[in-house]
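What follows is a single structure, written as structure tokens, with notes after it.
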2 protein chains.
Amino acid sequence: MRPCLEIVSRPWIIESNRMTKNASRNIGVLHPGAMGVSVARSLQDSGHNVGWVSASRSAETQERAQGLIAFDSLDEISVWADALISICPPHGAVALAQRVHATAFSGLYIDANALAPSTSLRIGEIMGLGAFVDGGIIGPPALQPGTTRLYLSGHHAAGVAEWFSAGALQAIPMVPAQKKAQNASRVVEQHVAASMLKMSYAAYSKGASALLLSANALAEAGGVTEALHAEWAISAPSLLKQSQRAAQTTSGKAWRFEGEMLEISETYSDVGLPDALHAGAAAVYERMAALKDLPPQELEAVVASLLRG
Amino acid sequence: MRPCLEIVSRPWIIESNRMTKNASRNIGVLHPGAMGVSVARSLQDSGHNVGWVSASRSAETQERAQGLIAFDSLDEISVWADALISICPPHGAVALAQRVHATAFSGLYIDANALAPSTSLRIGEIMGLGAFVDGGIIGPPALQPGTTRLYLSGHHAAGVAEWFSAGALQAIPMVPAQKKAQNASRVVEQHVAASMLKMSYAAYSKGASALLLSANALAEAGGVTEALHAEWAISAPSLLKQSQRAAQTTSGKAWRFEGEMLEISETYSDVGLPDALHAGAAAVYERMAALKDLPPQELEAVVASLLRG
């Protein structure tokens with residue numbers, strides 16, 4: 001089937017009316033976890049048809065994805081979809097793009113994962129840069145307006161942002177600053193500005209959580225937990241609560257934060273800045289990976305998982 | 001002279017009345033920077049004679065140390081002092097202890113530097129563990145009560161804490177938890193509990209500043225500084241101000257924070273926890289070392305120093 005479909009490739013370029021603001025599109029979300037489903041709901045709220053691949057997914061995901069159009073395989077959704085949005089753990093993003101590339105898909109591919117700009121560019125090269133939009137999501141799954149933003153960069157960023165005309169998720173195209181668009185490397189950089197923003201943001205937010213949990217683990221290993229918490233009560237009274245919150249909010253996600261920290265470390269390395277901070281954060285989250293399928297854990301349990309190694 | 005003095009060694013053990021709360025002692029501070037002078041003032045306020053070594057020190061330090069008893073050399077102050085307190089950059093602490101050990105000094109040696117417990121133990125072994133008190137200072141130079149604490153551990157921690165009966169600096173002896181004092185490694189650990197507390201505390205406080213400055217540098221390298229600050233304004237409104245404050249408060253001290261981060265990394269490694277986070281923080285502060293003799297720097301200048309490499 002593939003050669004046939006390639007004749008009518010890039011429908012989002014050829015059929016310009018399909019790019020107008022109010023047109024309804026067929027959009028596949030790969031693969032809907034909590035975040036992906038919230039993106040899918042915002043697209044539905046904006047009038048689009050949203051599909052997913054239901055084969056081999058858990059009962060929990062089946063439940064979560066109710067109301068989305070189910071396809072049996074990547075091949076099937078690829079024929080149907082005008083666009084695919086990739087929302088998956090960072091370490092699986094390139095492989096997913098390669099699998100999509102092996103299908104008949106000829107639409108716009110939006111990678112919305114937490115990736116180093118260089119990794120996102122690799123995906124862009126796999127899919128074809130002209131058919132690729134770079135994205136980065138900041139915030140929790142978008143269940144209500146105002147919590148979560150999808151930043152978009154690349155040639156079609158503004159057009160894709162218009163797809164999110166309603167719904168909880170706010171889509172923000174990143175407009176290149178003219179003064180900076182002076183050389184080829186800047187042009188490439190602007191293609192993946194959304195990923196760069198996501199990396200810079202998560203560098204602190206998720207890096208600081210790793211650092212804080214790690215400091216608690218060090219104190220426990222050295223027998224000074226009580227003394228540390230007493231000193232914090234005097235000089236940094238928010239840190240114990242922040243530690244407890246970091247434990248609860250990261251314990252179940254640490255298994256995929258490891259990959260995100262490695263992407264951030266790669267980003268630092270790519271621009272010639274010291275990259276060890278986030279290699280270290282990756283090592284911290286790696287030790288928490290076993291907490292994946294458990295409910296949110298208390299600080300003591302997270303510290304214990306760090307000390308187990 | 002040394003053999004003679006060794007006959008009357010350990011005066012703080014032999015002459016028990018000198019260990020009573022209100023006795024006036026001869027205490028040397030090595031070497032008084034802003035923090036050291038504030039410790040010296042608290043000892044003076046508590047009725048002690050406080051000395052320092054004035055040779056080869058800057059006019060600024062001479063000015064700062066006015067009112068302290070000046071000695072020409074380590075040899076001279078070592079004969080005079082009942083106790084010496086070491087307050088110096090972390091990377092110089094072991095060498096200073098070795099230099100003191102080479103004098104006729106026979107009193108109590110208090111290392112109050114930001115050191116890995118294992119480094120502090122090395123100093124304890126140089127000076128003799130029975131004549132050694134481990135310390136860790138948390139807070140800025142103690143100019144007024146309530147801002148700064150000197151934690152103390154080791155056999156004579158409680159006695160030394162009593163020397164600080166008045167003055168701005170609060171001294172806190174760390175009392176071993178009985179239930180934990182079960183084996184030899186715990187006993188050693190409790191000897192350097194103050195250093196362990198200092199490492200755990202600074203792991204987050206100084207680590208987070210390095211992380212935040214580093215995130216700003218990454219955004220600038222990638223051309224997304226404005227976008228990052230705009231996102232922070234929505235979802236983490238304190239971070240821009242925190243970044244600006246971190247730049248101003250760390251720029252002049254980064255040259256010695258590098259060593260402190262390496263001590264923290266060593267502490268993690270010693271207890272079998274991932275140590276790369278603080279090796280990374282050391283690399284960040286290393287890039288800021290050239291800001292040492294300048295006034296507090298703005299965020300933009302610190303980011304520029306990080307990007308210069």
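The chains referred to below are lettered A, B, ... by the order of the sequence lines, with proteins before strands, and numbering in each begins at 1.
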*asked:* Any heavy-atom pair between the side chains of His278(A) and Leu277(B) that's under 4.5 Å?
replied: no

*Among the listed options Ala219(A), Pro274(A), Ala203(A), the residue most often paired with chain B at heavy-atom distances under 4.5 Å*: Pro274(A)

*Can you tell me how far the CE atom of Met199(B) sits from the CG atom of Leu228(A), to the nearest 0.5 Å?*
12.5 Å

*asked:* I'd like to verify something: which residue of Thr147(A), Val284(A), Leu197(A) has the highest number of heavy-atom pairs under 4.5 Å with chain B?
replied: Leu197(A)

*What distance separates Leu211(A) CG from Ser205(B) OG, expressed to the nearest 0.5 Å?*
9.0 Å

*When only pairs under 4.5 Å are counted, which of Ala208(A), Ala282(A), Ala210(A) shares the most heavy-atom pairs with chain B?*
Ala208(A)

*So what's closer than 4.5 Å to chain A heavy atoms on Ile172(B): side chain, backbone, both or neither?*
neither

*Say you draw a straight line from CG of Leu218(A) to CG of Asp270(B); how long is it, rounded to the nearest 0.5 Å?*
9.5 Å

*Provide the closest heavy-atom pair for Ala227(A) versus Met174(B) in the form atom of the first, atom of the second, distance.*
CB-CE, 3.7 Å

*Contact part of Ser214(A) toward chain B, heavy-atom cut-off under 4.5 Å: side chain, backbone, both or neither?*
both

*For Val224(B) and Ala193(A), work out which heavy atoms get closest and say how close.*
CG1-O, 3.8 Å

*Of the listed residues (Val271(B), Ile234(B), Asp275(B), Asn216(B)), which shares the most heavy-atom pairs with chain A below a 4.5 Å separation?*
Ile234(B)

_Which one wins on heavy-atom pair count under 4.5 Å against chain A: Ala279(B), Ser235(B), Ala202(B)?_
Ser235(B)

Atom pairs and distances, side-chain donor-acceptor, residues 110-117 of chain B, under 3.5 Å, sequence neighbours left out:
residue: Asp111(B); atom: OD1; partner: Asn113(B); partner atom: N; Å: 2.9
residue: Asp111(B); atom: OD1; partner: Asn113(B); partner atom: ND2; Å: 3.2
residue: Asp111(B); atom: OD2; partner: Asn113(B); partner atom: ND2; Å: 3.1
residue: Asn113(B); atom: OD1; partner: Cys88(B); partner atom: N; Å: 2.6
residue: Asn113(B); atom: ND2; partner: Ser86(B); partner atom: O; Å: 3.2
residue: Asn113(B); atom: ND2; partner: Ser86(B); partner atom: OG; Å: 2.8

*Measuring from Tyr201(A):OH to Leu239(B):CG, what's the distance to the nearest 0.5 Å?*
7.0 Å

*If you check every heavy atom in residues 240-268 of chain B against those of chain A, which residues fall under 4.5 Å?*
Gln242(B), Thr267(B), Tyr268(B)

*Not counting sequence neighbours, list each pair that qualifies as a salt bridge (charged side-chain N to carboxylate O under 4.0 Å, His left out) and has a residue in residues 137-151 of chain A.*
Arg149(A)-Glu231(B)

_Neighbours of chain B found in residues 302-309 of chain A - heavy atoms under 4.5 Å_ = Leu306(A), Leu307(A)

